[in-house]
Novice: 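What follows is a single structure, and I will ask about it in a moment.
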Amino acid sequence: LDITGLAQKYGAVHSHIKIARTPEDMAATRIATGEADALIGCDLVVAAGDEAIGKLALDHAVAVTDTTVVPTSEFSRNPDWALSADEQLQRLTRVLGDRLRSLDAQGLALKLLGDTVYANMLLVGAAWQQGALPLSLDAMHRAIALNGVKVAENRRAFDLGRLVYADPAAVQRLLPQDTAPVDLDSRRAPSLDAVIARRVDLLTAHSGPALARRYLDRITRLREAAKLAGLTEDLPRAAAHG
């Protein structure tokens, strides 16, 4: 279901996509609040907006988004208006943590595929590699073939997106030597150690070393308990932030 808004005038465009074994498994075409398992952000401003974030199942949803910022209609009214890609990405990171992957899809598509039009398919490939699309690789390639438009180029874009997610360093090596590096994942969520160290510094500056030690001791005990229980670091990460 495409909700096109003001696409011709820099308005938001949302596409609701549901995948199920049978049509009977889908009660409605729209995705309701908190139901989306994955977000493919072809436009960063739209992806970081309230409507898109509100659809996400916050406990497990994953996302892949382009880092390119496309001007909105506000720019036509205020030429001094500015929009920060970092702020938009930080907003998504606060919600999704390390389940968000961001990359300069348009820059990469232009440099390796010759046209930014392939950025969207590149993002689809990255999302598939992330596990966001419950379809086989053969099914994805077959869908591209059935679409019948620039089949070889779109398949190449899809596979390049997969490689970006699996091995960003390999993609960097594919770029011409005389071009600047492309941002393939510079804004991934920081490691848990980095999160803890940052907060220890902030607590020390705010209240002194005693409170910082108390915080560090508690988080360290929680990390050890989670590890002994065979759990991921999601719980100590949430505690470290909270």
Side-chain angles (χ1 to χ4, degrees), residues 2 4 7 10 12-17 19 36-49 52 55-56 61-71 83 85-86 88-89 91-93 96 98-189:
D2 285 338
T4 56
Y10 297 112
V13 179
H14 297 89
S15 294
H16 292 220
I17 301 170
I19 300 173
D37 301 302
L39 169 67
I40 302 176
C42 301
D43 184 301
L44 179 56
V45 177
V46 177
K55 300 296 184 187
L56 296 175
V62 298
V64 173
T65 184
D66 192 0
T67 56
T68 305
V69 172
V70 179
L83 182 63
D86 287 338
Q88 306 302 309
L89 289 168
R91 191 164 195 257
L92 283 167
T93 300
L96 297 170
D98 57 8
R99 287 176 280 127
L100 169 69
R101 187 69 176 266
S102 61
L103 61 138
D104 181 5
Q106 291 197 31
L108 189 60
L110 181 62
K111 286 181 170 65
L112 289 182
L113 302 170
D115 197 324
T116 58
V117 72
Y118 298 112
N120 290 1
M121 184 56 73
L122 195 153
L123 289 166
V124 172
W128 184 90
Q129 192 70 27
Q130 190 186 25
L133 301 174
L135 298 168
S136 70
L137 183 59
D138 287 343
M140 296 302 300
H141 284 167
R142 178 64 174 154
I144 293 171
L146 288 173
N147 191 50
V149 178
K150 298 280 187 179
V151 174
E153 292 86 347
N154 277 300
R155 181 167 173 171
R156 191 177 302 119
F158 176 82
D159 289 339
L160 181 61
R162 293 176 56 212
L163 186 60
V164 170
Y165 185 85
D167 192 351
V171 177
Q172 290 285 9
R173 291 193 294 269
L174 293 175
L175 293 167
Q177 295 298 315
D178 58 346
T179 63
V182 175
D183 172 18
L184 299 181
D185 198 20
S186 66
R187 297 177 178 84
R188 296 181 74 175

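In what follows, every heavy atom counts, from backbone to side chain, and hydrogens, waters and symmetry copies are set aside.
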Novice: To the nearest 0.5 Å, how far apart are OG1 in T93 and CG in D98?
Specialist: 9.5 Å
Novice: Using side chain to side chain donor-acceptor pair (under 3.5 Å) as the criterion, list what pairs up with D66, not counting sequence neighbours.
Specialist: T68
Novice: Please report the interatomic distance CG(D104) to NZ(K111), rounded to the nearest 0.5 Å.
Specialist: 7.0 Å
Novice: Which of these, L122, L137, L123, sits in a side-chain contact (heavy atoms from CB on, under 4.5 Å) with F158?
Specialist: L137
Novice: Going by the rule side chain to side chain donor-acceptor pair (under 3.5 Å), which residues pair with N120 if we only count those two or more places apart in sequence or in a different chain?
Specialist: none
Novice: Rounded to the nearest 0.5 Å, what separates atom NE2 in H16 from atom NZ in K55?
Specialist: 5.0 Å
Novice: Which side chain to side chain donor-acceptor pair (under 3.5 Å) pairs, counting each pair once, include a residue from residues 121-149, with sequence neighbours left out?
Specialist: Q129-R162, H141-R155, H141-D159
Novice: Of all the heavy-atom pairs spanning H14 and A52, show the shortest one and how long it is.
Specialist: NE2-N, 4.3 Å
Novice: State, to 0.1 Å, how close A119 and A109 come at their nearest heavy-atom pair, and which atoms those are.
Specialist: N-CB, 3.7 Å
Novice: When rounded to the nearest 0.5 angstrom, what distance separates NZ in K150 from CG in L113?
Specialist: 12.0 Å
Novice: Start with the C-alpha gap between I17 and L133, add the side-chain angles, then the distance that decides, and say whether side-chain contact (heavy atoms from CB on, under 4.5 Å) holds.
Specialist: CA-CA 10 Å; I17 301 170; L133 301 174; over 6 Å; no
Novice: Let me confirm one number: the CG-CG distance from L39 to L100, rounded to the nearest 0.5 Å.
Specialist: 8.5 Å
Novice: Test of understanding: with side-chain contact (heavy atoms from CB on, under 4.5 Å), list the residues that count as partners of V151, not counting sequence neighbours.
Specialist: I144, A145
Novice: Of all heavy-atom pairs between P168 and R101, which one has the smallest distance, and what is that distance?
Specialist: CG-NH2, 3.2 Å
Novice: Between L44 and L89, does a side-chain contact (heavy atoms from CB on, under 4.5 Å) hold up when you go through it step by step?
Specialist: CA-CA 8 Å; L44 179 56; L89 289 168; 3.8 Å; yes
Novice: For R91, enumerate each residue passing the side chain to side chain donor-acceptor pair (under 3.5 Å) test, keeping only those at least two apart in sequence or located in another chain.
Specialist: D50
Novice: What is the minimum heavy-atom distance between G41 and T65, and which atoms define it?
Specialist: O-OG1, 3.1 Å
Novice: Mind checking the CG-CG spacing from L92 to L96? Nearest 0.5 Å is all I need.
Specialist: 6.0 Å
Novice: For residues R99 and A61, report the shortest heavy-atom separation together with the two atoms involved.
Specialist: NH1-O, 2.6 Å
Novice: In chain order, what residues pass the salt bridge (Lys or Arg N to Asp or Glu O under 4.0 Å) check against R156, with sequence neighbours excluded?
Specialist: none
